[in-house]
Amino acid sequence: FEGRLAWLFVVLSFEDGRVRVRLDSEALIVNGIAAVISKLFDKRYPEEICNTRLDFLERTSIRSQISTVRFHGMLKLIERICNYAGAQRA
């Protein structure tokens, strides 16, 4: 199907007071960016995640290397992880 975007599988969990982030995608570029995001957030305390401002996507050339839809999808992914972490703090 032409124009179909890659699936991104997201599994967020809370174990031993830390947020676990597991991501996988069938598209190599998405999988690579997701791997970086996963490494940054996985096994972190909710407070660490909530107090972190990640802007590497905006500051690097990644933005010009991927589609606008994928770029915004990655920003939404970071937002989703942060929202999940915030919910675990309560």
Side-chain angles (χ1 to χ4, degrees):
F1 173 60
E2 187 175 329
R4 184 177 76 80
L5 295 177
W7 288 94
L8 176 63
F9 299 94
V10 179
V11 178
L12 302 174
S13 60
F14 191 64
E15 301 169 14
D16 299 322
R18 296 174 185 257
V19 174
R20 296 300 318 267
V21 179
R22 295 173 190 90
L23 308 171
D24 191 25
S25 176
E26 61 190 4
L28 291 178
I29 188 70
V30 173
N31 205 32
I33 297 168
V36 171
I37 293 169
S38 179
K39 287 289 185 187
L40 290 171
F41 287 120
D42 190 37
K43 299 180 185 174
R44 303 277 182 190
Y45 292 107
E47 293 77 18
E48 290 178 288
I49 294 172
C50 293
N51 294 329
T52 300
R53 183 180 184 290
L54 287 182
D55 60 355
F56 76 93
L57 289 175
E58 293 97 348
R59 292 181 30 214
T60 65
S61 64
I62 291 173
R63 184 177 196 153
S64 64
Q65 302 298 318
I66 62 176
S67 71
T68 301
V69 172
R70 282 189 174 161
F71 177 77
H72 288 291
M74 292 295 112
L75 294 179
K76 286 292 186 186
L77 171 62
I78 292 170
E79 181 181 323
R80 180 175 174 186
I81 294 168
C82 292
N83 288 341
Y84 180 82
Q88 303 312 309
R89 287 194 331 184

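- Under the 4.5 Å side-chain heavy-atom criterion for grouping Ile, Leu, Val, Met, Phe, Trp and Tyr, Trp7 is not connected to Ile37 through any hydrophobic cluster.
- Residues in residues 8-21 take part in these side-chain hydrogen bond (donor to acceptor under 3.5 Å, both in side chains) pairs, two or more places apart or across chains: Ser13-Glu15, Ser13-Arg22, Glu15-Arg22, Arg18-Tyr45, Arg20-Asp42.
- Taking each heavy atom of Pro46 and Ala85 in turn, the nearest pair found is CB-O, 3.3 Å.
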In sequence, state the C-alpha distance, the side-chain angles, and the governing distance for Phe56 and Ile62, and then conclude on side chain to side chain contact (heavy atoms under 4.5 Å, CB included).
CA-CA 9 Å; Phe56 76 93; Ile62 291 173; 4.3 Å; yes
Could you tabulate the donor-acceptor pairs under 3.5 Å formed by side-chain atoms of residues 71-79, not counting sequence neighbours?
none

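- Residue Leu23 holds its CG atom at 11.5 Å from NZ of Lys39, rounded to the nearest 0.5 Å.
- Not counting sequence neighbours, Lys43 has no partner by the salt bridge (charged side-chain N to carboxylate O under 4.0 Å, His left out) test.
- Taken from CD1 in Ile33 to CD in Gln65, the straight-line distance is 9.5 Å, to the nearest 0.5 Å.
- Scored by the salt bridge (charged side-chain N to carboxylate O under 4.0 Å, His left out) test, Glu47 finds no partners at all (sequence neighbours excluded).
- Among pairs with a residue in residues 48-57, those fulfilling side-chain hydrogen bond (donor to acceptor under 3.5 Å, both in side chains) read Arg53-Asp55, Asp55-Arg59, at least two apart in sequence or across chains.
- The shortest non-hydrogen separation linking Val21 to Phe41 is CG2-CB, 3.8 Å.
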Stepwise, does the side chain to side chain contact (heavy atoms under 4.5 Å, CB included) test hold for Ile49 with Arg44?
CA-CA 7 Å; Ile49 294 172; Arg44 303 277 182 190; 3.8 Å; yes
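- Between the OG atom of Ser61 and the CD1 atom of Ile66 there is a distance of 10.0 Å, given to the nearest 0.5 Å.
- Checked against side-chain contact (heavy atoms from CB on, under 4.5 Å), Ala35 has no partners two or more places apart in sequence or in another chain.
- The two residues Ser25 and Leu8 have their closest heavy-atom pair at CB-CD1, 4.0 Å.
- Phe14 and Leu12 end up in the same hydrophobic cluster when Ile, Leu, Val, Met, Phe, Trp and Tyr side chains are linked at under 4.5 Å.
- Once rounded to the nearest 0.5 Å, the distance linking CG of Asn31 with CD of Glu26 reads 10.0 Å.
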